Amino acid sequence: MTGWTEGYVGGIDYIRAFYRELSPSLLSFALLLRGWRPPADLGGAFAYAELGCGHGVSSAVLAAAHPAARFEAVDFNPAHIAGAQRLAAEAGLGNAAFLEENFADHAASGVKDLDMVALHGVWSWVSAENRAILVDLLRRRLKPGGLVFVSYNALPGTLAYMPLRRILVEHTANQLGGRSGDLAEKIEQAVGFAGRLAALNAGWFRQTDEVPARLESLARKSPNYIAHEYLNSDWTAFYHADVARELAGAKLDFAGPSVPMEQIDELALDPAAIALIQEARDPAYRETLRDVLTNRAFRRDLFVKGAERLTPAERTERLRATRFTLLVPAEDVPEVAITPVGRLPFPPDLYGPLAESLADGVPSLEELTALPALARHGEEAVLRALMMLTSLALASPALPEDGLAARKAHADRFNDAVLERNRTDDTLGTLASPVIGSGVAVSRVEALFLVAQRRGLDPAAFAWERLSTDGLALSRDGVRLASAEENVAELRGRFGSFSRRRVPVLKRLGIL
Ligand SMILES: C[S@@+](CC[C@H](N)C(=O)[O-])C[C@H]1O[C@@H](n2cnc3c(N)ncnc32)[C@H](O)[C@@H]1O
């Protein structure tokens with residue numbers, strides 16, 4: 001291994017982002033759906049580790065929403081950890097430790113005390129040697145009954161992108177390697193060059209439908225994201241069966257996909273395909289066949305260490321007690337949803353009353369199915385609709401009501417710190433919800449409205465004062481608004497819609 005980056009891309013920070021899929025409430029819901037006992041009481045004193053935490057935004061938000069739990073977030077990049085530690089100090093996150101350590105050093109410390117471990121954006125991007133260290137770390141630190149979330153580039157779906165990655169690596173390292181200019185500029189040039197190649201529509205580009213769309217989406221991504229996604233010297237796509245075999249070294253068993261809708265085979269596969277998959281006896285082989293037939297390029301998997309199977313009655317009881325709420329206004333739940341497996345109808349006679357009830361409070365599955373408009377669809381259909389809504393970030397499972405006041409006090413302090421940051425910069429756009437135990441995105445303008453309201457100031461005038469200080473201006477219909485009057489008028493309109501549409505949601509989520 002060379003230098004502290006161990007082949008991992010250096011000289012460019014990762015993006016600051018919150019990933020809701022790491023939320024204990026979602027992880028537990030996914031586990032429960034598959035009939036496994038979740039590792040801990042969500043309002044309780046569980047221990048959670050994020051290995052390779054980047055700037056630590058996900059861990060910080062989760063720690064803010066779970067004051068009784070303990071979070072440890074590890075990353076060897078001091079630039080990532082310095083910022084995370086400063087945020088933790090400002091936000092009073094006494095229950096989160098942000099550790100500047102590599103996996104090997106971290107593996108040497110600590111006892112078997114972890115209930116949940118998240119490995120997001122790590123497994124495909126580190127060396128085989130580091131993966132072995134991670135397996136050892138999981139073997140020694142994860143409690144019996146514990147849960148691991150692991151995401152990775154999956155085969156065969158990733159095959160389509162391999163030449164694209166190669167072009168980006170060669171172009172930044174060799175073609176532009178000797179030139180001056182920072183890595184971010186070189187990445188932009190490399191993406192531009194790949195775009196020119198794609199425009200020829202020759203050879204591999206002609207054969208691979210997905211590539212132009214991926215290139216278009218890359219052109220909109222920051223160089224920081226592209227560097228960490230594509231430019232590490234280690235970059236390995238895996239068949240699920242190989243990941244399952246490596247993790248078996250930590251006594252881990254595959255428990256299911258963490259995205260609830262990925263647990264519904266009929267969405268992506270026809271009956272003949274499902275029947276063929278069922279012929280495979282080994283679960284890892286079955287899952288690999290699913291990936292072959294859906295051509296999946298990215299997986300988010302749950303593994304458990306000796307977790308217990310729930311009886312069907314216990315599973316049902318726990319699911320019925322699970323509470324849910326909507327993350328958007330009810331009218332934003334579409335009649336046809338755009339999903340990773342295509343356009344799917346959301347029949348209004350089911351999704352309409354469901355969205356209304358979820359926008360009205362935080363009902364349990366049991367309470368939902370007792371409503372006449374939903375009872376007639378039956379519990380299975382309501383649960384399935386909840387699986388869809390939670391997968392598409394339109395709804396979320398919630399934490400138990402007990403302990404909400406303490407969680408809110410803790411989250412308020414974190415949210416104050418995030419909002420305060422937004423006065424002067426736009427790098428943190430996630431607030432912590434003590435109701436769902438997860439993060440909620442707010443734009444810079446929304447954050448400025450909230451700061452103004454707390455201070456009793458005119459929201460539009462305050463937001464404009466801050467934005468104009470940073471040399472920013474708003475756009476309407478793609479046209480930049482030049483004058484202060486136009487910007488303030490636009491902000492007044494946006495504040496009206498924010499008050500009508502967003503404030504009720506933020507109140508229900510315990511953020512306001
Ligand atoms: C793609 S980022 C993912 C960050 C975060 N989990 C997220 O989802 O936002 C991977 C992170 O792993 C860290 N990393 C890579 N190799 C590591 C090692 N050997 N020890 C500690 N951290 C490492 C990198 O610094 C980087 O921040």
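As the structure lists them, so they are numbered: ligands from 1, and atoms in each ligand from 1. Quick note: numbers below take in every heavy atom, side chains included, and nothing from hydrogens, waters or symmetry partners. Everything numeric in this text was worked out from a predicted model, so none of it was measured.
In this structure, P39 and L27 have side chains that are not in contact, with every pair of non-hydrogen atoms separated by 4.5 Å or more.
With a 4.0 Å cut-off on non-hydrogen atoms, C53 touches ligand 1 through its backbone and not its side chain.
At a threshold of 4.0 Å, the pair D425-R421 does not count as salt-bridged, since none of the basic side-chain nitrogens sits closer than that to a carboxylate oxygen. One finds no salt bridge joining K143 and D113 here, because no Lys/Arg side-chain nitrogen approaches an Asp/Glu carboxylate oxygen to under 4.0 Å.
Heavy-atom distances between S58 and ligand 1 stay at or above 4.0 Å for every pair. Taking a 4.0 Å cut-off on heavy atoms, V74 fails to register as neighbouring ligand 1. By the 4.0 Å heavy-atom criterion, H106 is excluded from the residues contacting ligand 1.
Here's the thing with H80: one of its N/O atoms is less than 3.5 angstrom from an N/O atom of ligand 1. Here's the thing with E50: one of its N/O atoms is less than 3.5 angstrom from an N/O atom of ligand 1. An N or O contact shorter than 3.5 Å links F103 to ligand 1 by distance.
Residue N102 approaches ligand 1 through these ligand atoms, each under 4.0 Å from one of its heavy atoms: 20 (N), 21 (C). Atoms of ligand 1 lying under 4.0 Å from any heavy atom of N130, numbered from 1 in the order shown and given with element: 19 (N). The distance from ligand 1 to the heavy atoms of E101 drops below 4.0 Å at these ligand atoms: 21 (C).
Residue L419 comes nearest to V451 through the heavy atom pair O-CG2, 3.5 Å, listed as atom of the first residue, atom of the second, then distance.
Of the options F18, Y19, F76, the smallest heavy-atom separation from atom 16 (N) of ligand 1 is shown by F76.
No donor-acceptor distance shorter than 3.5 angstrom exists from the side chain of S23 to the backbone of S25, with no hydrogens or angles considered.
Checking N130, L51, L134 one by one against W123, the side-chain contact (heavy atoms from CB on, under 4.5 Å) holds for a single residue, L134.
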Can you give the donor-acceptor pairs under 3.5 Å from side chains of residues 246-258 to other protein atoms, not counting sequence neighbours?
unit_1 : atom_1 : unit_2 : atom_2 : d
E246   : OE1    : R131   : NE     : 3.0
E246   : OE2    : R131   : NE     : 3.3
E246   : OE2    : R131   : NH2    : 3.4

